[in-house]
Each structure stands twice: as C-alpha cells, then as structure tokens.
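Below is one structure, written out as structure tokens; comments come after it.
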2 protein chains.
Amino acid sequence: MNTQIYLTENGIKPSVQRIALMDYLLTHKTHPNVDEMYEALHEQIPTISRTTIYNTMKLFVKHGIASLISIEEKNARFDGDVSLHGHFLCQNCNQLYDFHVNEKLLNIEELFSSLDGYNIKDTQIYCKGICKNCK
Amino acid sequence: MNTQIYLTENGIKPSVQRIALMDYLLTHKTHPNVDEMYEALHEQIPTISRTTIYNTMKLFVKHGIASLISIEEKNARFDGDVSLHGHFLCQNCNQLYDFHVNEKLLNIEELFSSLDGYNIKDTQIYCKGICKNCK
DNA sequence: TACAAATTTGTAACCATTGCAAATATATAA
DNA sequence: TTATATATTTGCAATGGTTACAAATTTGTA
C-alpha cells in the first residue's frame with residue numbers, strides 16, 4: 001500500500017519527512033524511539049530534526065495511525081501497527097516483543113465491562129518480565 | 001492490616017517514611033505521583049525528600065507491593081493495589097479511573113497465549129479516551 | 001511570479017528523574 | 001551502655017527526553 005495515499009486517507013498532508021517516518025514505522029517492527037528514527041533517517045534526509053520527529057509522531061498518534069508505547073520509563077517508543085496487540089518488555093535484555101492477544105478477547109465491551117459510557121480511543125496492554133531467551 | 005507487618009512480610013525493612021508512604025498508597029486510591037505524595041506527607045514528616053519517595057516507590061515496585069502506572073507521558077503514578085485491573089485516563093479532565101477486568105479473562109495464559117515460556121512479572125492495561133462525565 | 005499558509009528546523013528551556021556524597025538513623029557487638 | 005558497622009534518608013547537582021518558540025524553508029494558490 002502506498003504510504004502517501006495512506007497518510008492522505010487518514011487526513012494527514014504527506015511531506016517528505018512524514019512519508020519517510022511512516023515508511024520506517026511500517027517496515028521496521030522494532031518499536032523505535034525518536035533517537036533511533038533520527039539515526040535511521042539522517043542519511044536519506046540529512047536536515048531532519050528531532051523536533052520534526054516528535055511533532056510527526058504526535059500527529060500520527062492523534063490521527064490513529066501510530067501508537068505511543070510508554071512501557072519504558074525513559075523513552076517513548078512508537079508502533080505503526082495500531083491493531084490491538086500486547087507489548088512485552090524483557091527487563092534483562094531490554095527487547096520489546098509484540099504478543100498476540102486471543103481474538104475472542106478483543107471484544108472491548110466484555111473485557112472492560114465497567115467502562116460503559118466511556119469513549120475509549122486507545123488501549124495498550126503491557127507486560128514486563130524475563131523473555132524466553134534470557135531465562 | 002498493619003502496614004509495618006505488611007512491609008516486613010514482603011521483605012522490606014519498615015521505616016517511618018516507608019510506612020507513611022505505603023499507608024498513603026493504601027488509603028488513597030488516587031494513583032498519586034511523587035509530587036502529590038510529597039505534598040501530602042510533608043506535614044507529618046517535614047524532612048521527607050522527593051528522592052526518598054522515588055527510592056521507596058522503586059523498592060515497592062521491585063517487591064511487588066506497588067505498581068508503576070506510566071499512562072501519563074510526564075509523570076509516573078503509583079498504585080498500592082497490585083491486583084490486576086485496568087486504568088483509564090480521561091484526556092479531557094485528566095482523571096485516572098480504575099476499571100474492573102472481567103474475572104474470566106484474568107487467565108493470563110489464555111489472554112497472552114503467545115507468551116509461552118516468558119516469565120511475566122507485571123501486567124498493565126491502559127485505556128485513554130473521554131470519560132462519562134466529560135462526554 | 002507573488003503571496004499566504006503550512007511545515008520544518010535549531011536552539012533554548014523545561015522538568016521529572018537519578019547520581020552522589022554527606023548526614024542521620026538503626027542494628028550489632030563488645 | 002558505648003563503639004562501630006550498616007542501612008536509610010536527605011539535598012543538591014546533573015542528566016536527558018521532550019517541548020516551546022521563532023526563524024527558515026517549503027508548499028499551495030491566485
């Protein structure tokens with residue numbers, strides 16, 4: 001799917017920087033932080049600034065085409081996959097894994113039965129512990 | 001239940017500051033941040049410092065008797081209720097609500113079926129949106 | 001081409017959190 | 001009790017991720 005069209009369809013005017021950032025998110029499932037995106041895009045867009053990345057991520061999150069992952073204390077991470085899935089942070093190797101959430105539990109109404117009448121815009125499921133490789 | 005015994009049973013040497021902080025967490029379900037705890041305890045313990053609160057919260061979290069809630073970008077919040085439940089942040093009034101998670105879904109194995117072999121120490125479920133009062 | 005609006009950029013500030021060493025409190029041994 | 005070692009607390013300085021802001025650049029439009 002064309003990234004430029006994807007941005008436009010989601011109400012975001014495409015620019016060189018925005019396209020490059022969304023491309024990066026969609027092709028790197030590493031949940032990058034701002035510094036990692038800066039280092040990665042610096043070569044192809046030498047003038048890119050961290051402020052632009054912060055602004056763009058905020059814009060993406062507002063329009064629902066990126067998720068803010070706040071599982072790490074220090075850094076915000078971002079994910080271009082906005083389908084409901086969980087994130088597991090290994091407290092030993094610091095790697096961040098996606099994990100699948102059983103489809104039959106995706107029914108938010110049932111899972112969060114006490115939130116009737118609340119307008120839920122974003123759901124995040126975080127786990128911390130030790131991963132298989134580090135055990 | 002006596003807070004001093006509760007700390008001891010969880011491997012934490014009780015001190016005036018630690019007891020006061022755990023007492024505060026257990027009697028105030030407001031998910032306070034460090035500043036709020038500092039302001040609240042300053043009167044009864046005039047010498048208390050923010051560093052002590054940070055250190056103590058880290059200790060509580062490590063021993064599993066408090067949860068770190070990182071749903072807000074700026075501030076860390078803490079919860080003395082470590083049973084699995086969700087947190088909802090209203091993006092309008094900024095209030096943080098607890099919400100009940102259906103008991104039959106508490107089976108982590110089923111919910112997180114793809115995390116077999118991982119040692120899960122902490123699970124957090126966050127939602128953001130607009131609360132009933134603000135709609 | 002000229003002008004207006006939107007976007008990007010760099011720098012300075014902000015501020016929550018941590019590092020660190022001195023001060024204080026607590027536990028232990030003689 | 002007194003002396004000594006250990007643990008805890010404290011205040012201040014430093015860190016570093018994020019944001020504010022205004023200038024510079026790019027884009028859209030007439």
Side-chain angles (χ1 to χ4, degrees), chain A residues 3-4 7-8 10-24 31-63 65-78 89 91 94 96, chain B residues 3-4 7-8 10-24 31-63 65-78 89 91 94 96:
Chain A
T3 304
Q4 179 165 355
L7 292 179
T8 304
N10 283 280
I12 293 175
K13 275 200 216 168
S15 71
V16 171
Q17 291 85 348
R18 290 171 180 176
I19 292 170
L21 282 164
M22 180 49 72
D23 266 339
Y24 188 82
H31 321 91
N33 61 35
V34 168
D35 255 31
E36 286 161 353
M37 289 187 271
Y38 178 82
E39 291 303 327
L41 296 185
H42 192 60
E43 198 164 349
Q44 64 177 104
I45 308 175
T47 63
I48 201 166
S49 78
R50 277 167 233 268
T51 300
T52 297
I53 302 178
Y54 279 108
N55 290 341
T56 304
M57 289 305 119
K58 189 158 287 185
L59 188 72
F60 286 175
V61 170
K62 195 176 78 177
H63 286 253
I65 59 173
S67 288
L68 166 65
I69 305 173
S70 57
I71 195 172
E72 274 191 342
E73 281 82 56
K74 43 183 191 327
N75 280 337
R77 295 195 184 208
F78 297 90
L89 179 69
Q91 293 168 318
N94 225 45
L96 188 56
Chain B
T3 305
Q4 180 166 354
L7 292 179
T8 305
N10 284 279
I12 293 175
K13 277 201 216 168
S15 70
V16 171
Q17 291 84 349
R18 290 170 179 176
I19 293 169
L21 282 164
M22 181 50 73
D23 267 340
Y24 188 82
H31 321 92
N33 62 33
V34 168
D35 255 31
E36 286 161 354
M37 289 187 271
Y38 179 82
E39 291 303 327
L41 296 184
H42 191 60
E43 196 164 350
Q44 64 177 102
I45 307 175
T47 63
I48 202 166
S49 77
R50 277 168 233 267
T51 301
T52 296
I53 301 178
Y54 279 108
N55 291 340
T56 304
M57 288 305 118
K58 189 158 286 187
L59 189 71
F60 286 175
V61 170
K62 194 175 78 178
H63 286 252
I65 57 173
S67 288
L68 166 64
I69 305 174
S70 57
I71 195 172
E72 273 189 344
E73 282 82 55
K74 43 183 192 323
N75 281 337
R77 295 194 183 209
F78 298 91
L89 179 69
Q91 294 168 318
N94 225 46
L96 187 55

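Throughout, a chain's letter reflects where its sequence line sits, starting with A, and its residues are numbered from 1.
Pairs of residues two or more places apart, or lying in two chains, that qualify as side-chain hydrogen bond (donor to acceptor under 3.5 Å, both in side chains) and include a residue from residues 52-63 of chain A are Ser49(A)-Thr52(A).
Annotation: salt bridge (Lys or Arg N to Asp or Glu O under 4.0 Å) contacts of Glu36(B) (sequence neighbours excluded): none.
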Donor-acceptor pairs under 3.5 Å, side chain of residues 17-24 of chain A to any protein atom, not counting sequence neighbours: which ones?
residue	atom	partner	partner atom	Å
Arg18(A)	NH1	Lys13(A)	O	2.8
Asp23(A)	OD1	Thr3(A)	OG1	2.5

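At most 12 heavy atoms of other shown residues, nucleotides or ligands fall within 6.0 angstrom of atom CD in Glu43(A).
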**OP:** Might you work through the side chain to side chain contact (heavy atoms under 4.5 Å, CB included) test for Ile69(B) and Phe78(B), ending with a clear yes or no?
**Re:** CA-CA 6 Å; Ile69(B) 305 174; Phe78(B) 298 91; over 6 Å; no
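With values rounded to the nearest 0.5 angstrom, Asp35(A) atom CG is found 8.0 Å from Ile53(A) atom CD1.
The 5' end of DNA chain D is approached more closely, in terms of each residue's nearest nucleotide, by Gln17(B) than by the other of Gln17(B) and Ala76(A).
Regarding Glu73(A), its CD atom lies at a distance of 17 Å from the C1' atom of dC15(C), rounded to whole Å.
Counting non-hydrogen atoms under 4.0 angstrom, Arg50(B) reaches nothing in the nucleic acid. Using a 4.0 Å heavy-atom cutoff across all strands shown, Ser15(A) reaches sugar-phosphate atoms only and no base atom.
Of all nucleotides in DNA chain D, those with any atom nearer than 4.0 Å to a heavy atom of chain B start and finish, going 5' to 3', at dA7(D) to dC12(D).
Scanning residues 34-46 of chain A for heavy-atom distances under 4.0 Å to DNA chain D yields an empty list.
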Distances for protein N or O near nucleotides 20-29 of chain C N or O, under 3.5 Å:
none

